K.L.:
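Got a structure for you, questions after.
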Amino acid sequence: MDDLGARARKDGIAAVFDRAAATYDQVGVTFFGTIAEVLVRHTAPQPGERVLDLGCGRGASALRAARAVGPTGRVLATDLAPRMVEGLRSGAGDLPWLTAEVGDAEWPPDGPWDVVQAGLVLFFLPDLDSALDRYRAALGPEGRLGFTWFGDTDESWDPVFDVIVDMLPAAERPPANPARSGPFESVEALENLLHQHGYAEVATTQTRVEALVDDIDQWWAWSWSHGQRRLLEAHQRLGTLGPLRDAVDPLLEEIAGDDGLRWWTDVRCTLARP
Ligand SMILES: C[S@@+](CC[C@H](N)C(=O)[O-])C[C@H]1O[C@@H](n2cnc3c(N)ncnc32)[C@H](O)[C@@H]1O
């Protein structure tokens, strides 16, 4: 991808997450917090350590890291979407050793960092190779890189996600999902890439994370609050949101159980040392 293409892709991603920021992780569905707990358990920030949290969103993992390092430590959290950064700042008043700034995860601020961590972010980067080299250079000798990404997901939901894509004209459909292609296609591919970039002690764990959504309305609110928003905005622009709901709601009614709608995904957490 050339520089202009990469810039356009980043601008598009940042704009969608900026519009989602007001409700991101705020609609009552426990999901990003659970994944952040997995990440921070693996990166294990210690009191006094310096942590860089990339693509911080509203701070699911940055806030947890800040509590772990305590006042003698430091957490710098960055995200391309300004309103995500504002959301994190508004929730971090009691953690003055956590700072949040607008920044590109491909360009980590100078270290040395004890921990560089990124929750559900690295698959968005147009130039992951260069970013991995920069993280390695920015990590201290005892440092670790940790990041989460997706494995398998609940296939019983495929008809729902297929309809959302299939009802869009071809030109509006997303290209191959970057979160599941290229190096993110398999654990082996990703770990090989890290080895190629000079990382050692590379290890990946997998945890099944379930999202329990109360009802159909909450599912739609949740869908608008994260990356899926991009597809819903395309439907909105094309005037097909109504027909989309008419097609999706009966599928959701079939999925719904007594306590709501359950969806799961496997979350992989990869840890590596420079
Ligand atoms: C799925 S969210 C994850 C947010 C947060 N880490 C969490 O676990 O809740 C992805 C985030 O990555 C950010 N992002 C995507 N590409 C980025 C880049 N190149 N630099 C910085 N942030 C980026 C988005 O703006 C969004 O906030």
Side-chain angles (χ1 to χ4, degrees), residues 13-39 55-64 79 81 83-88 90-91 119-121 123-124 148-168 172-174 177 179-180 207-267:
I13 291 167
V16 170
F17 279 106
D18 210 46
R19 292 189 291 271
T23 56
Y24 182 84
D25 207 9
Q26 308 292 307
V27 300
V29 178
T30 306
F31 182 69
F32 295 107
T34 311
I35 296 170
E37 265 160 33
V38 172
L39 176 59
C56 58
R58 295 188 58 128
S61 53
L63 291 165
R64 284 169 172 81
D79 198 288
R83 278 182 266 192
M84 286 289 196
V85 172
E86 282 164 29
L88 168 50
S90 70
L120 307 178
V121 177
F123 40 75
F124 288 117
T148 47
W149 49 296
F150 293 112
D152 290 345
T153 56
D154 185 346
E155 285 180 3
S156 69
W157 280 72
D158 284 357
V160 173
F161 299 119
D162 288 349
V163 165
I164 295 173
V165 173
D166 293 348
M167 282 181 65
L168 287 171
E172 296 282 348
R173 290 184 197 153
N177 185 350
R180 298 178 188 287
T207 310
R208 187 152 293 185
V209 176
E210 190 181 63
L212 173 61
V213 183
D214 290 341
D215 54 31
I216 291 175
D217 284 341
Q218 192 186 37
W219 184 81
W220 282 103
W222 192 49
S223 298
W224 279 98
S225 75
H226 58 73
Q228 189 160 285
R229 182 183 183 99
R230 188 170 104 60
L231 299 177
L232 301 185
E233 285 183 344
H235 279 288
Q236 190 175 45
R237 196 165 11 90
L238 296 163
T240 51
L241 266 185
L244 179 69
R245 267 206 88 141
D246 292 343
V248 169
D249 283 1
L251 299 172
L252 296 176
E253 275 158 23
E254 275 176 35
I255 290 170
D258 289 343
D259 58 348
L261 297 91
R262 289 177 183 276
W263 174 79
W264 60 260
T265 180
D266 286 336
V267 172

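Please read these numbers as outputs of a predicted model, since none were measured by experiment.
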K.L.:
Search all heavy atoms of Ala234 against all heavy atoms of Glu172 and return the closest pair with its distance.
P.N.:
CB-OE1, 3.8 Å
K.L.:
Determine whether Val209 and Glu37 make a side-chain contact, defined as any pair of heavy atoms from C-beta on separated by less than 4.5 Å.
P.N.:
no
K.L.:
Does a side-chain heavy-atom distance below 4.5 Å link Trp224 with Glu233?
P.N.:
yes
K.L.:
Please find the pair of heavy atoms, one from Gly55 and one from Val121, that lie closest to each other, and give the distance.
P.N.:
O-CG2, 3.3 Å
K.L.:
Step by step, would you call Ile164 with Leu244 a side chain to side chain contact (heavy atoms under 4.5 Å, CB included)?
P.N.:
CA-CA 7 Å; Ile164 295 173; Leu244 179 69; 4.1 Å; yes
K.L.:
Salt-bridge test for Asp154 and Arg208: reply yes if a basic N is under 4.0 Å from a carboxylate O, no otherwise.
P.N.:
no
K.L.:
Aromatic rings Phe31 and Trp222: how do their planes relate, parallel, tilted or perpendicular, breaks at 30° and 60°?
P.N.:
perpendicular
K.L.:
Give the minimum heavy-atom separation between Val27 and Gln218, together with the two atoms involved.
P.N.:
O-NE2, 2.9 Å
K.L.:
Treating Arg245 as the side-chain partner and Leu241 as the backbone partner, does any N or O pair qualify as donor plus acceptor under 3.5 Å?
P.N.:
no
K.L.:
Could you report the tightest heavy-atom contact between Asp246 and Pro250, atom names first, then the distance?
P.N.:
O-CD, 3.1 Å
K.L.:
Check the pair Trp263 / Ile255 against side chain to side chain contact (heavy atoms under 4.5 Å, CB included), numbers first and verdict last.
P.N.:
CA-CA 9 Å; Trp263 174 79; Ile255 290 170; over 6 Å; no
K.L.:
For the residue pair Trp219 and Phe161, does the interplanar ring angle fall in the parallel (under 30°), tilted (30 to 60°) or perpendicular (over 60°) class?
P.N.:
tilted
K.L.:
Compare all side-chain heavy atoms of Asp152 with those of Glu155 and state whether any distance is below 4.5 angstrom.
P.N.:
no
K.L.:
Nearest 0.5 angstrom please: Asp79 CG to Arg58 CZ, how far?
P.N.:
11.5 Å
K.L.:
From Arg83 CZ over to Ser90 OG, what is the distance, rounded to the nearest 0.5 angstrom?
P.N.:
13.5 Å
K.L.:
Is the closest side-chain heavy-atom distance between Leu88 and Val85 below 4.5 Å?
P.N.:
no
K.L.:
Hey, could you give me the CD/CZ distance between Gln26 and Phe32, rounded to the nearest 0.5 Å?
P.N.:
11.0 Å
K.L.:
Below 4.5 Å, heavy atoms only, C-beta onward: do Asp162 and Asp166 meet side chain to side chain?
P.N.:
yes
K.L.:
When rounded to the nearest 0.5 angstrom, what is the spacing between OG1 in Thr153 and CH2 in Trp264?
P.N.:
6.5 Å
K.L.:
Which heavy atom in Ile35 sits nearest to a heavy atom in Thr148, and how many Å separate them?
P.N.:
CG2-OG1, 3.8 Å
K.L.:
First locate atom CG of Leu231, then atom CZ of Arg229, and finally report the distance between them rounded to the nearest 0.5 Å.
P.N.:
12.0 Å
K.L.:
Kindly indicate whether the side chain of Trp157, heavy atoms from C-beta on, has any atom under 4.5 Å from the side chain of Leu251.
P.N.:
no
K.L.:
Can you check whether Gly151's main-chain N or O pairs, donor with acceptor, with Arg180's side chain at less than 3.5 Å?
P.N.:
yes
K.L.:
What closest approach, in Å, do Val165 and Pro174 show between heavy atoms, and which atom pair accounts for it?
P.N.:
CG1-CD, 4.2 Å
K.L.:
Rounded at 0.5 Å granularity, tell me how far CD1 in Ile13 sits from CG in Asp18.
P.N.:
13.0 Å
K.L.:
Measure the shortest side-chain to side-chain distance between Met167 and Val248 over non-hydrogen atoms and say whether it is less than 4.5 angstrom.
P.N.:
no
